[in-house]
Amino acid sequence: MSFPKAATPRSSQVTPLLSEPQPFRNFKIAHQRLSLDVDLSCHNVKGIADIILIPLVQNLAYITLDCKGIKVKDVLVENRRCDNYIHDDPFRSYAQRYTQSGKDPLYQFNSVEQSHFLRAKFADLNEHPEDRTKSQLIIKIPSSIKISLQDANSLTNYTPITPSIKGTPASQDAVFSPISIKIEYELSNPTTGLRFDTVAENQPHLWNAYTTNAELAATASSWMPCVNMLDEKCTWEIEISVPRKVRDIGTSKVIGQLELDGKKKKTEKQVHEADDTGKEEETHREEQPKENTDGQDSTTEQADTKQDNKEQKDSHHDEDEEDDYDIAEEDESNPLNRDIQVCCSEFSTMKEGAHPTDMSKRLFSFQIFNPVAPHHIGWAVGAFDVWALPSLQSREDALDEDPDENYEAKKASQADNNDIIDDIENNDVIPIRIYTLPTQDVDEKTVLNTTIVCQKIMDFYAKEFGSYPFTSYSILFLPTLVCSTMDFASLTLCNTRLLYPPEVIDSMLPTTNELAWSLAVQWAAVNITPMEINDIWCCLGMAGYMVFQFLRKILGNNEFKYRLKMNSEAIVEQDWEKPPIGATFTTASMPISRTSKDLEFIKLKAPMVLYILDRRMTKTERSFGMSRILPKIFLQAMSGDLPNNSLSSSHFQYVCERVNKNKLESFFQQWIYGSGVPIFRVTQRFNKKRMMVEMGIRQCQDQELSQDKIVGKEGFCSSALNHLQHPVRAMTPFFTGSMTIRIHEADGTPYEHIVELKDVFTKLDIQYNTKYRRLRNRKINVGRPSNKAASPDLEEDLEFQEEKIDNSAIQRLGTVLSSPKDCKDWDLTDAIVTTDGNEAQRQNEAFEWIRIDSDFEWICKIYVNQPDYMFTSQLQQDSDVEAQVESIKYFEDVIIHSPNNSQIYSSILTRTAMDKRYFYGVRLEACKALARYTMKDHDPAHFTGGAMHLIKIFQNLFCYEGSSIPLNNDFTSFQEYFLQKNIPKFLALVRNERNECPHFVKQFVLDILTYNENSENLYDDTHYLCSLIEAAVDCCISNKKDQEFLNKVLDQLHRYANLDDWMPTYQLLVRRKLMAEKLKLNTEGLYKFDDLNEVLEQTLCEISLTLDNGIPRYREGLQDITLLAFKILLLEGGLKNKEALKYFFLALCYTPDVYVKEKLVDVFVTSLNFVATEGLQLKLDDDLNSIAKQINPESLSIDDTNEDTVLITENPESEINERRQQKMRSSIRGLLTLLKKQFRDYQPLKTILWSVLHVPVTSLYQKKRLFDITRIMYSLIDSFNVVLPIPRDKRLVARCLGDNKVVIKREALLKVHLPPKIKLVSKPSITMNAKSASASAAAPAAAPVAPASPAPPAPPVQPTLPVQPVQPVQPPPANKVKINLTKASAKSKKSEKPEKPEKPESTTTRKSKQTKGNVDKIGLLPLRFARISTAKKRVDISSAPFSQNVQILKANSRSFTLKLKIPKKEDQLEQPQPPEGQ
């Protein structure tokens, strides 16, 4: 990429990635106008692109635009036709080569081992592509166009929208004269950038087309000519022509065209008039106050308008036309009469009008005044339902400004209230519109329940971070969108899986998070874009920080801190194999795709890095942190101080340092340009003499970060790609910075100490503040059996006793179930006991507990060696959710690694789970920790906690008293619902000493599944039921020998399968979960798919059933089931079954459903992930050689990563081989070697993959993933196999000319030219075959021939020349060309001796025209050798030598000289000499 000058204040520090030889582009797009005609029936778009560009140099000669997969029809420069343009499109050229595969030697003679050569030929798939691989439209500027300087204000004469020209080398007062270019183009059946969804052939009202941008800066050029870079922004006008109604799709009614049916023409005219009326009604309805959600006023006006229109038409039309209008009036009942809508960026500027020439079409035009990159231009066409969101949040804010006014407003009349609302809506309220397909399962309740939060999000962002950069916002929900969201300028496309009705709980938080992200990127990733691809962390980090702040406001501080803690732990788990977020895409797989989750880790880590940066900055005096940085950057973008609205890492760092008034170089080097996170091991002890807390903090990430980790969270393929792309990661050796340590001393007062970490090990001495005498008095008081002992915050002074008890009651948690009766019923220890065997040490302790990094300034994992009672105090008295989670993590770690089970710890965790004052996330963590206990069959300590306590918790909360039968589900309390849903999952994790799930746990989970009842519940239990099914199956897998329990579980699975058939669940989740769990059982050998025909039927269900039957998310469920069925097919052995692979890849290339087609390549990846780590099932495996090798295995070497060099051992012992395999599976390098070895010799998969890589119907994302797969599965070889047309006896000589050029020639190459007097009979004697390797020709019988020696046996591919009279021609063999020559007069050749043979020459006279010519080659083979036989009266000619006795000395059009070596005979005195003849 190249960028204009003066990009950022530190642009000189960033070296741009240049793909052109010139450092800067020599023109800038100022404005672009698109006119598109969309044909949904033919998947065709006809477009006209009007581009106004500003030259940056006066001698501009060529203009280069990205143009991929588009057929350019015409080009006009300054309204004059231009024929001097070149359209280079590798995608189109290689698609043509694929249809003629014989012309492509790379495809014909090579395989997947050379796939990197093919990938290098497509610019979008490479990081540093060559110019010749780019899909470009190069236009030559005619010499008649003069470029001169002119006033910048005159640009308004060229475009209705003044373009942004900041950052151009020319001054702001004078710029070069703009040039207008008009390109007429067409595209059909696009696979990238634009998608058509017409799967429901009988339901055209569900047809739609939409743009996509999942691949970063690689999709827009697939449907329009543009400069497809993120920093090339301009203003836009978009005009889209669509059919008026659904019934008009695929039809055309050009004005002036004669209609055979006049009545039909009148009917259509009435329909159009009704459409215009409906349009006016819709416009009028949208102008009504947005609080009118019931729509009564608009409905009344609509009815009145329809009545008035009908009366007018009755006065002008006859009765037949009245009937036609009545039909057209039923727009709501007949889906064919639905209007086609266009959803585009900036709907507030939308103008709708009639098509100038076609009565069956309408025009929608949009204008985007804010300069936007082509990547973020999007639109969609379909018969959408349109919903306008009410501005609820703005109304509340306005009414809450003054309480007195609010009180008076409540007493005012409704008219006055409406006036207030109108005033509110006339302010800066951003209108939000929702578009959905007209399916039965999407209604107003579902749409509002999902998206009503968007108005609150918009208001919060605008208030906290700056004005919204656009004038409106739209959301479109589609079932075939591959990603969950795609972000365009003021438009977000969402998958309908995000829509959820009020009765579904589980989708609430994820959908809200997705919508918050979609709105945040409008500020930070659409309006402001990254300068370099590696700068994208800045934009995603800012958007994520905005999401954090909104979630804190809407969900509360506890949920916010809990998410921060979970995100921090996720980063620690994943960042052992990830590259730095500031250099992620150096040597990465291109293009960057959201579908393959290339940005997921950056979206996880970058906001967290900005959050800890904000925490550190706000420690400094007079520093406002991110609350000042983000508005400042957004203000720079709006004011034009941020050139091209392109943000670089250096500029972001510069702004942070300006706000912080301090350098941040070390922070950015460690967290942005370095990998890994710190792991702290903290030691502490109290020195009584010095009254100091002596601490030591050691960073152990080098040893512990990647310990016991082989494959990352995203699977084997992701880890393998990370290993191949970044074999050496820039791990930060140690982290520096300030850390806050909070010590809760003996008097209960927390003292904070800020320390500085500067090395791997930091030794600290922290001053102790509490007097030691008061500490001793307190210790005595704690030991007394009184109520005061329950609170460690009490002091001896009686005057403060009542106050301290009250404070203890507020602060201390986990005090439930503390009565003797509860302790006995629950098998709990006394609530006062907070330590397991450390009571004496506890009495002498100087402080309550220590919090390391109490202000969350680090993304890290911390181990503190403080005793258990300190963690108990921290859990019960610290109100911070992060501190409570840290305490539970300590207990969980002790439970896992301790050989003895502690009843005290189980009691503490049980009380935590049962105390409703705790945040629900903390209660979940406590339940999870309880499941970690190892339940022993014979425990000498009579342990009755762990799983027993966990079951008791579930029984107490959700079951009938004293029973395992669950109550009817009641999900009105969301916190209790999350407990009820997750406890069965945790129970499935319980293990005994034999690593099996105990029987009482399995039976309890089965009872919950069996007796689940949801009839009286207000909420849907589909997700809860799925979690129960998963827990029951996990219990089966833990003990494979328990066949009785397995049969019971299978019976329940069968029961729920029948229930789902009769009453399909939400999104068919239960049906899909049952298939997934059966697959899990199958991989463990506990279930068999006896009839694979059922699985194959499931692969076709998505396109064979009605897609709109009223079941919520029915189509989406079918899509997921289809993908899962293909996964079952592959894992059953289909990865090594030729027919299964054919079927899978045919579906991958030609499935009509866009979602299934794109996701099938991900199914292949997930299947490969499983095979690499777990192995392949053998049911469908047809690789007999591989199966034989499993019986007689080869030896494996961990030290050699090349699978070709794996040595074969003579030792057949399976244990040794298994041990070696296990050793190789302990590293990603070994797993790669094993996988490559497994598929190296299986030819069908290699052939199919190689063919699919060339198929032109695959999308860009599919190509990217398939190329990545070949890189993982096979060793790419830098070789280019070439098959020569013929074998030769002369050797090939390769000569290196330097500069990587090699010339291959043959030594002593001779060509044979037969004399021109040989006449060939063209009918029917000559039969040509391009693949022939030799020729046969008949010679005259009377030709004088010298005695010839008996020839040795001829090679199999050698032609013959039979010397016989002409006979009817027989069909020659496939590898030969037969030439019949008739008798002709022979001329005597000059010779030195009479023994020299003469060359026979024969001609024939045809009745018709004779054919003349030379025969010097047959097909691709030149004639070089001849053999003359007198016995058989024939002359044989060939490209290969017959024997060493015949040698051609000279052959051209005038002479033919050959040398014959004849062996001596008894009656022959001398040897014949070689003949010569002219």
Using 0.5 Å steps for rounding, measure from the [atom1] atom of [X] to the [atom2] atom of [Y].
X: Asn1281; Y: Phe109; atom1: CG; atom2: CZ; answer: 10.0 Å
X: Asn534; Y: Thr586; atom1: CG; atom2: OG1; answer: 4.0 Å
X: Phe1089; Y: Leu1079; atom1: CZ; atom2: CG; answer: 5.5 Å
X: Asn110; Y: Phe117; atom1: CG; atom2: CZ; answer: 8.0 Å
X: Leu1118; Y: Leu1100; atom1: CG; atom2: CG; answer: 12.0 Å
X: His1254; Y: Lys1263; atom1: NE2; atom2: NZ; answer: 10.0 Å

Donor-acceptor pair, [X] side chain versus [Y] backbone, under 3.5 Å?
X: Asp598; Y: Ile592; answer: no
X: Ser719; Y: Gly712; answer: yes
X: Gln725; Y: Pro579; answer: no
X: Asp89; Y: Phe91; answer: yes
X: Arg729; Y: His723; answer: no
X: Arg1225; Y: Ala1172; answer: yes
X: Thr192; Y: Leu1260; answer: yes
X: Ser115; Y: Ser111; answer: no
X: Thr1258; Y: Val1255; answer: yes
X: Thr219; Y: Thr212; answer: yes

Legend entry - Short side-chain donor-acceptor distance under 3.5 Å, Tyr1261 and Asp1162: yes

Contact between [X] and [Y] at the side-chain level, heavy atoms closer than 4.5 Å - yes or no?
X: Ile536; Y: Leu599; answer: yes
X: Tyr1274; Y: Leu1249; answer: yes
X: Phe1145; Y: Leu1245; answer: yes
X: Ser675; Y: Pro580; answer: yes
X: Tyr1242; Y: Leu1141; answer: yes
X: Ile1037; Y: Leu1081; answer: yes
X: Val1156; Y: Leu1160; answer: yes

Inset, instruction - May I ask you to check whether over 12 heavy atoms, not counting those of Lys709, lie within 6.0 Å of atom NZ? - result: yes

Inset, instruction - Check the surroundings of atom NZ in Lys1080: do more than 12 heavy atoms from other residues, nucleotides or ligands lie under 6.0 Å from it? - result: yes

Using a strict 4.0 Å threshold on nitrogen-to-oxygen distance, state whether [X] and [Y] make a salt bridge.
X: Arg1240; Y: Glu113; result: no
X: Lys1264; Y: Glu215; result: no
X: Lys578; Y: Glu600; result: no
X: Asp124; Y: Lys68; result: yes
X: Asp1153; Y: Arg1115; result: yes
X: Asp1268; Y: Arg119; result: yes

Legend entry - Verdict with supporting geometry, Glu577 and Ser706, side chain to side chain donor-acceptor pair (under 3.5 Å): CA-CA 8 Å; Glu577 63 169 359; Ser706 60; over 6 Å; no

Inset, instruction - Decide yes or no on salt bridge (Lys or Arg N to Asp or Glu O under 4.0 Å) for Glu1132 and Lys1127, but give the supporting numbers first. - result: CA-CA 8 Å; Glu1132 278 287 275; Lys1127 182 179 179 180; over 6 Å; no

Legend entry - Audit row: Ser135, Asp88, side chain to side chain donor-acceptor pair (under 3.5 Å) steps and yes/no: CA-CA 5 Å; Ser135 301; Asp88 293 328; over 6 Å; no

Closest non-hydrogen atom pair, [X] against [Y]:
X: Cys1149; Y: Val1252; result: SG-CG1, 4.1 Å
X: Met486; Y: Arg594; result: CA-NH1, 3.9 Å
X: Arg1265; Y: Ser596; result: NH1-CB, 3.6 Å
X: Pro479; Y: Gln1119; result: O-OE1, 3.2 Å
X: Val1257; Y: Thr191; result: O-CG2, 3.2 Å
X: Leu125; Y: Pro591; result: CD2-CD, 3.7 Å

Inset, instruction - May I ask you to establish whether Lys121 and Tyr94 are in a cation-pi arrangement, using a distance under 6.0 Å from NZ or CZ to the six-membered ring centre and at most 45° from the ring axis? - result: no

Legend entry - Ring geometry between Phe1126 and Phe1144 (parallel below 30°, tilted from 30 to 60°, perpendicular above 60°): perpendicular

Inset, instruction - Show your reasoning for whether side chain to side chain donor-acceptor pair (under 3.5 Å) applies to Thr198 and His43. - result: CA-CA 9 Å; Thr198 57; His43 294 193; 2.7 Å; yes

